[in-house]
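All figures in this text were calculated on a predicted structure; none of them were measured in a lab.
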Amino acid sequence: MTVPALTAETRWRCTLCGNLTRFDVTRTARVTEFLHFDLAGESKVEETEVHSESIELVRCRWCNAVDQVELVARPGAEADEAAESAEQG
């Protein structure tokens, strides 16, 4: 089953328990990172370039359901879209 990708206007919701805020996400990503090492040898990622990314699994933290996630509109997403349309028109 394909996990729906998030957008600026959407968020995930568990269809079993209604959870909107807590999910365990398993994803695969191919990235290039610029690491900066200090003189003590501690590293810090300063830049990340994502080449590809896929979400493999989303598990609800509340009810432990797998593959029960749907996309729903974020609060205010419709108002944001209307404001953008008014600015463009």
Side-chain angles (χ1 to χ4, degrees):
M1 177 180 207
T2 302
V3 178
L6 298 174
T7 67
E9 295 82 29
T10 61
R11 63 183 179 173
W12 287 325
R13 177 184 176 277
C14 178
T15 59
L16 293 181
C17 71
N19 171 31
L20 292 166
T21 60
R22 303 285 190 264
F23 299 95
D24 291 319
V25 179
T26 303
R27 64 187 179 98
T28 300
R30 189 172 160 272
V31 299
T32 299
E33 294 179 331
F34 169 65
L35 299 175
H36 178 206
F37 290 86
D38 63 18
L39 295 177
E42 297 295 321
S43 67
K44 176 176 147 185
V45 176
E46 291 193 353
E47 293 177 16
T48 301
E49 180 184 351
V50 179
H51 302 289
S52 64
E53 181 177 38
S54 64
I55 299 171
E56 298 173 17
L57 177 82
V58 178
R59 180 184 315 273
C60 176
R61 265 288 170 115
W62 288 0
C63 70
N64 212 31
V66 178
D67 296 332
Q68 296 296 319
V69 175
E70 66 179 354
L71 283 180
V72 295
R74 289 183 190 227
E78 295 84 15
D80 293 343
E81 289 176 12
E84 287 178 12
S85 295
E87 289 175 4
Q88 294 174 359

Expected list for residues 33-40: side-chain donor-acceptor pairs under 3.5 angstrom, two or more places apart:
from	atom 1	to	atom 2	distance (Å)
H36	ND1	E46	OE2	2.9
D38	OD1	A40	N	3.0
D38	OD1	G41	N	3.0
D38	OD1	E42	N	2.8

Inset, instruction - Go through the structure and list residues passing side chain to side chain donor-acceptor pair (under 3.5 Å) with D24, not counting sequence neighbours. - result: R61

Legend entry - Those residues that, when tested against T32, pass side chain to side chain donor-acceptor pair (under 3.5 Å) (two or more places apart): H51

Inset, instruction - Indicate, with yes or no, if L6 and F23 share a hydrophobic cluster defined by side-chain heavy-atom contacts under 4.5 Å among Ile, Leu, Val, Met, Phe, Trp and Tyr. - result: yes

Legend entry - Euclidean distance, C60 SG relative to D67 CG, rounded to 0.5 Å: 12.5 Å

Legend entry - R27: salt bridge (charged side-chain N to carboxylate O under 4.0 Å, His left out) partners, not counting sequence neighbours: E53

Inset, instruction - Output the distance between atom CD1 (I55) and atom CH2 (W12), rounded to the nearest 0.5 Å. - result: 4.0 Å

Legend entry - Heavy-atom closest pair, residues N64 and R59: OD1-CD, 2.9 Å

Inset, instruction - Could you walk me through whether E49 and V31 pass the side chain to side chain contact (heavy atoms under 4.5 Å, CB included) test, one step at a time? - result: CA-CA 6 Å; E49 180 184 351; V31 299; over 6 Å; no

Inset, instruction - Evaluate the side-chain proximity of W62 to L16: yes if any heavy-atom separation is below 4.5 Å, no if none is. - result: no

Inset, instruction - Give the other cluster members for V72, using side-chain heavy-atom distances under 4.5 Å between Ile, Leu, Val, Met, Phe, Trp and Tyr residues; answer none if it is isolated. - result: L20

Inset, instruction - Under the side chain to side chain contact (heavy atoms under 4.5 Å, CB included) rule, what do V69 and T15 come out as? Steps first, then yes or no, please. - result: CA-CA 6 Å; V69 175; T15 59; over 6 Å; no

Inset, instruction - Mind listing the closest non-hydrogen atom pair of T21 and N19 along with its distance? - result: N-OD1, 2.8 Å

Inset, instruction - For residues 10-23, pull every pair meeting salt bridge (charged side-chain N to carboxylate O under 4.0 Å, His left out), keeping only residues two or more places apart or in separate chains. - result: R13-E70

